[in-house]
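What follows is one structure encoded as structure tokens, with my remarks underneath.
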Amino acid sequence: MKFVDEFRDADKAHALAARITALCEPGRQYKLMEVCGGHTHTIYKHGLEDYLPEQVTLVHGPGCPVCVIPMGRVDDAMALASDPDVIMTSFGDMMRVPGSNGSFFDAKARGTDIRMVYSPLDSLKIARQNPDKRVVFMAIGFETTAPSTAMTVLRAAAEGLPNFSVFCNHVTIIPAIKAILDSPDLRLDGFIGPGHVSTVIGCRPYEFIARDYGKPVVVAGFEPLDILQSIYMLMLQLSKGTSTVENQYSRVVPWDGNPVALRAIGQTMELRPYFEWRGLGFISHSALAVREEYARFDAERLFSVPGVRVADPKACQCGEVLKGVLKPWECKVFGTACTPETPIGTCMVSPEGACAAYYNYGRLTRQRVREASPS
């Protein structure tokens, strides 16, 4: 990849769209899921749906790390942060995620010491500068960000830093995809595989989708032509009646993943027996916890965490959006009571959230216009 413009060429996009249309069988509808929220934003930022024939529908998946965190885990983090001896640190996209008693920003406004960081290593720096405080890093994300947390734990262990810990909320993508496949709510023809996660885990873990469920998977990059080419590759498989895993993003994603990153995760973390996901409920072996060997850096062992389940607001339908059952504009509060300034659900908060993508790029307006147009 030399220039971004290579992947945003309109003529090539139209050519790919024509090839996709040519592969559509008369009378057949195709439903493809883009698992990653980053793909969702590219699709709506660049209007890629308008390049596709009406027979091809794209639906959103659960690949937004902030969106899938249940409200109860946010409340647990708020309880940790309320300890006067604690400095809570967090990535910026978690700062506005609503819990049952407001967000991190709300708690910060009330005087709680919560600080935004750009890397977990920033939390180590804060811990060194504040030896009389206990610094807790709110760790979230799929396998994409888990290596940075793992390396930070290893650095803290090497330094013998006694006042740093991690509140681990890292989740894994494969169990979530399996939960989608096993769900009776949705029937899919194929998957646009997540590019960022795949830089760590590779493509091999998706082989069960093609083998056991007969659904093709194409791991995709994040530029417009990446996604259109991935859709073409999926449609080509569907037209031939084949189901395999392909790697469109080979310029970045190695087939077997990143062994250094995987080794760091394996050294410091292990699978939880179960974990609650927003919209998907409890999924077994779908999240990571800090290993016993590094218990001194595990906030859940060092502090009393309430662990109370909290139901999502009844008006919010983030769960259905994350499962691909609803489009964001079908939620009754989308764009009215729920906006990026006043979010009710996480899908409107995160930079990778489907609702934020629809809102920011005017998809509600376009949908209303389309519905109002005479047939």
Side-chain angles (χ1 to χ4, degrees), residues 38 65-66 69 73-97 99 102-171 196-197 199-200 258 260-270 287-305 346 349-352:
V66 172
I69 298 298
R73 294 294 286 187
V74 178
D75 283 5
D76 287 343
M78 298 275 273
L80 290 175
S82 66
D83 187 322
D85 292 327
V86 166
I87 298 174
M88 175 66 75
T89 61
S90 169
F91 291 142
D93 51 1
M94 272 302 301
M95 296 292 289
R96 296 176 57 248
V97 173
S103 66
F104 275 177
F105 271 138
D106 296 325
K108 186 176 178 65
R110 294 193 293 265
T112 304
D113 196 346
I114 301 176
R115 306 184 190 184
M116 187 175 72
V117 295
Y118 294 97
S119 163
L121 290 174
D122 293 340
S123 301
L124 281 189
K125 183 178 179 181
I126 293 171
R128 294 188 202 103
Q129 294 171 342
N130 297 270
D132 58 329
K133 292 284 189 176
R134 304 171 76 183
V135 177
V136 179
F137 173 62
M138 176 77 172
I140 66 161
F142 287 93
E143 292 94 337
T144 313
T145 54
S148 61
T149 302
M151 294 302 294
T152 303
V153 169
L154 291 173
R155 176 75 66 84
E159 293 183 15
L161 204 61
N163 64 327
F164 170 79
S165 62
V166 170
F167 181 48
C168 191
N169 293 276
H170 286 296
V171 290
H196 291 146
V197 166
T199 62
V200 176
N258 185 324
V260 176
L262 291 171
R263 189 161 52 248
I265 295 172
Q267 183 177 347
T268 59
M269 301 179 193
E270 61 187 356
L288 300 170
V290 178
R291 285 187 178 276
E292 179 69 33
E293 300 92 304
Y294 295 91
R296 61 193 183 280
F297 303 111
D298 184 3
E300 290 183 83
R301 289 183 171 99
L302 299 175
F303 297 88
S304 177
V305 179
T346 53
V349 175
S350 171
E352 293 189 19

| Judged by atom type as modelled, is there a donor-acceptor pair below 3.5 Å linking the side chain of Asn163 to the main-chain atoms of Ala127? | yes

| request: Output yes when a side-chain donor or acceptor of Thr152 lies under 3.5 Å from a complementary backbone atom of Ser148, and no otherwise. | output: yes

| task | Give a yes or no on this: more than 12 heavy atoms of other residues, nucleotides or ligands lie within 6.0 Å of atom CZ of Arg155. | result | no

| said: Tell me if a side-chain donor or acceptor on Arg296 pairs with a main-chain N or O of Ala157 at a distance below 3.5 Å. | reply: no

| said: Quick check for you: to the nearest 0.5 Å, what is the distance between Ser165 atom OG and Leu80 atom CG? | reply: 8.0 Å

| said: Tell me if the aromatic rings of Phe137 and Phe297 count as close, with their centers under 6.0 Å from one another. | reply: no

| Short question: side chain of Thr268, backbone of Ala264 - any donor-acceptor pair under 3.5 Å? | yes

| request: Check Leu288 against Met269 and note the closest heavy-atom contact, atom names and distance. | output: CD1-SD, 3.8 Å

| message | I'd like to know if Asp106 and Lys108 make a salt bridge, using a cut-off of under 4.0 Å between side-chain N and carboxylate O. | response | no

| request: Check the pair Arg73, Glu300 against salt bridge (charged side-chain N to carboxylate O under 4.0 Å, His left out), reporting the backbone distance first and the verdict last. | output: CA-CA 11 Å; Arg73 294 294 286 187; Glu300 290 183 83; 3.3 Å; yes

| Considering all heavy atoms of both residues, which atom of Gly92 and which atom of Met116 are nearest to each other, and what is their separation? | CA-SD, 3.3 Å

| So with a 6.0 Å cut-off around CE of Met151, is the heavy-atom count from everything else above 12? | no

| Within 45 degrees of the axis of the six-membered ring of Phe105 and under 6.0 Å from its centre: does Arg110 put its NZ or CZ there? | no

| request: Check whether any side-chain N or O of Asp76 sits under 3.5 Å from a backbone N or O of Val305 as a donor-acceptor pair, and report yes or no. | output: no

| query | Is Thr149 close to Val166 at the side-chain level, that is, under 4.5 Å between some pair of heavy atoms? | reply | yes

| field | Check: Ile140 main-chain N/O paired with Thr145 side-chain donor or acceptor under 3.5 Å | value | yes

| said: Would the distance check show the side chain of Arg291 and the main-chain N or O of Gly266 forming a donor-acceptor pair, the cut-off being under 3.5 Å? | reply: yes

| Minimum heavy-atom distance Val349-Asp93, with the two atoms named | CG1-O, 3.7 Å

| How far does CG of Asn258 sit from CZ of Arg263, to the nearest 0.5 angstrom? | 9.0 Å

